[in-house]
Protein chains: 2
Amino acid sequence: MYIRKIPLPLHCGLHLTREVLNGKWKPNLLFAIAEGIKRPSDIQKALPDATKRVLNLQLKELEEHGVVSKKVYHELPLRVEYSLTPLGESLMPIIDAMNCWGDAHRPFLERVIMQGESESVTAERKAACVYYLDKVGVE
Amino acid sequence: MYIRKIPLPLHCGLHLTREVLNGKWKPNLLFAIAEGIKRPSDIQKALPDATKRVLNLQLKELEEHGVVSKKVYHELPLRVEYSLTPLGESLMPIIDAMNCWGDAHRPFLERVIMQGESESVTAERKAACVYYLDKVGVE
DNA sequence: TCGGCGGGGGATAATTTAATCCCCGGGGGA
DNA sequence: TCCCCCGGGGATTAAATTATCCCCCGCCGA
């Protein structure tokens, strides 16, 4: 595990939560496990864009942070299952909300995230954003 | 703005949301702005652990992602105010939930994130922190 | 005997994010 | 005049996170 040089600001709940969820695949891992995908190989299949190396690392961190637990069944063949701890379960409303929010605003977010990768904001793009935001504001 | 080399996985709402909230101070910025702290200098005072440089950068990203808007009042003296867009407001339940969750589980999370004072890692950790603090000039 | 699957991890490079340093301009008070 | 506040940002370095590569073991079926 990486050893921090700069201490985290812990005085605020936001930073604590951020520390737990901070990992490219951690929200997805929690989501998958909550859905009942428990075995490492199944998790890897559910998240094909991530290498199993990274998934193992992030699962280990989630375990160290007490939100998932790992059970090794010493049968043959060996079986491993991850599951949410109660603490992890209490995190699911947030994960679900993040998932819904992203999906709900997908068209806008995709445009806006892509635009940063190409060039600075053009006037037209800004107009398009304002238009969309207006629409969202009505809801 | 930084130009990505590795494209983000956009097919999932979780990643979209993560992209918007991904920044050490972004949740805090949103929280502060939602609380009515709108002027840059006030925001900086509210988040003393962050340099204004970083805050400006992350505010700019939040703006580009359409969750905050920046208004410049061309008065004298010059006045600048940030505010949440409707899209940003729709994010607040998540921010609040993250804040509450972190606060609610603070005792446990602090222990677990610190990795326990009684572990063997502590020596290295402490060394790393001391190194940093020394560099910064804190006693 | 060989290949493949399931679970795992060390070592290192690359990428991404944050911190640091130090500058700009204008204005207002002493 | 000097100094400090305000809002801002370029350039660079450090830190933190991911990706990549390639290895380990045990077992099972062909």
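Computed from a predicted structure; not experimentally measured. Reckoned from all heavy atoms, side chains included, excluding hydrogens, waters and symmetry mates. Numbers restart at 1 for each chain; the letters A, B, ... are given by sequence-line order, proteins then strands.
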Compare side-chain N and O positions of Arg39(A) against OP1 and OP2 of dG7(C) and report whether any pair is under 4.0 Å apart.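 Affirmative; the distance criterion is met.
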Taking only side-chain nitrogens and oxygens of Gln44(B), does any of them come within less than 4.0 Å of OP1 or OP2 of dG7(D)?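 No, because none of the side-chain N or O atoms of Gln44(B) sits under 4.0 Å from OP1 or OP2 of dG7(D).
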Quick check: on DNA chain D, is the nucleotide nearest Val72(B) upstream (toward 5') of the one nearest Arg18(B), or the reverse? Name the residue that is more 5'.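 Nearest nucleotide further toward 5': that of Val72(B).
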Return a table of donor-acceptor pairs under 3.5 angstrom between the side chains of residues 34-54 of chain B and protein atoms on other chains or two or more places apart.
residue	atom	partner	partner atom	Å
Thr51(B)	OG1	Val54(B)	N	3.4

Pairs under 3.5 Å (N/O, protein and nucleotides 14-16 of chain C):
residue	atom	partner	partner atom	Å
dT15(C)	OP2	Lys5(B)	NZ	3.4
dT16(C)	OP1	Lys5(B)	N	3.1
dT16(C)	OP1	Ile6(B)	N	2.8
dT16(C)	OP2	Tyr2(B)	OH	2.6
dT16(C)	OP2	Lys5(B)	N	2.9

Looking at every strand, decide which applies to Thr51(B) at a 4.0 Å heavy-atom threshold: base, sugar-phosphate, or nothing.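 It contacts base atoms.
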Using a 4.0 Å heavy-atom cut-off across all strands, classify Lys70(B) as base, sugar-phosphate, or nothing.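 Sugar-phosphate, backbone atoms only, no base.
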Measure CZ/Arg79(B) against C1'/dG28(C) and give the value in whole Å, please.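 About 17 Å, once rounded to whole Å.
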If you round to the nearest 0.5 Å, how far is CG of Asn99(B) from CG of Leu30(B)?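 The CG atom of Leu30(B) sits 12.0 Å away from the CG atom of Asn99(B).
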Going by an N to O cut-off under 4.0 Å, is there a salt bridge joining Glu19(A) and Arg4(A)?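 Looking at Glu19(A) and Arg4(A), the cut-off is met.
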Check: Arg18(A) side chain, Pro27(B) main-chain N or O, donor-acceptor pair, under 3.5 Å: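 Judged by distance alone, no pair lies under 3.5 Å.
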How would DNA chain C look in dot-bracket form, 5' to 3', counting Watson-Crick and G-U wobble pairs with both distances under 3.5 Å and writing | for bases paired to another strand? ||||||||||||||||||||||||.|||||
So if I apply the salt bridge (charged side-chain N to carboxylate O under 4.0 Å, His left out) rule between Lys26(B) and each of Glu63(B), Glu61(B), Glu64(B), which one comes out positive?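 Among the candidates, only Glu61(B) passes.
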Side chains of Ser69(A) and Ser83(A): is there a donor and an acceptor less than 3.5 Å apart?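 Yes, Ser83(A) and Ser69(A) have a side-chain donor paired with an acceptor closer than 3.5 Å.
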Strand contacts (DNA chain C) in residues 24-36 of chain B, 4.0 angstrom heavy-atom criterion: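 When residues 24-36 of chain B is checked for heavy atoms under 4.0 Å from DNA chain C, the hits, listed by number, are Lys24(B), Trp25(B).
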Is there any side chain to side chain donor-acceptor pair (under 3.5 Å) pair reaching into residues 71-80 of chain B, and which pairs are they, with sequence neighbours excluded?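 Qualifying pairs: Glu75(B)-Arg79(B), Arg79(B)-Glu81(B).
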Base, backbone or nothing for each nucleotide of nucleotides 21-30 of chain D, written B, S, -, heavy atoms under 4.0 angstrom, 5' to 3'? B-----S---
Report yes or no: do Val72(A) and Tyr82(A) belong to one cluster of Ile/Leu/Val/Met/Phe/Trp/Tyr joined by side chain heavy-atom distances under 4.5 Å?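 Yes.
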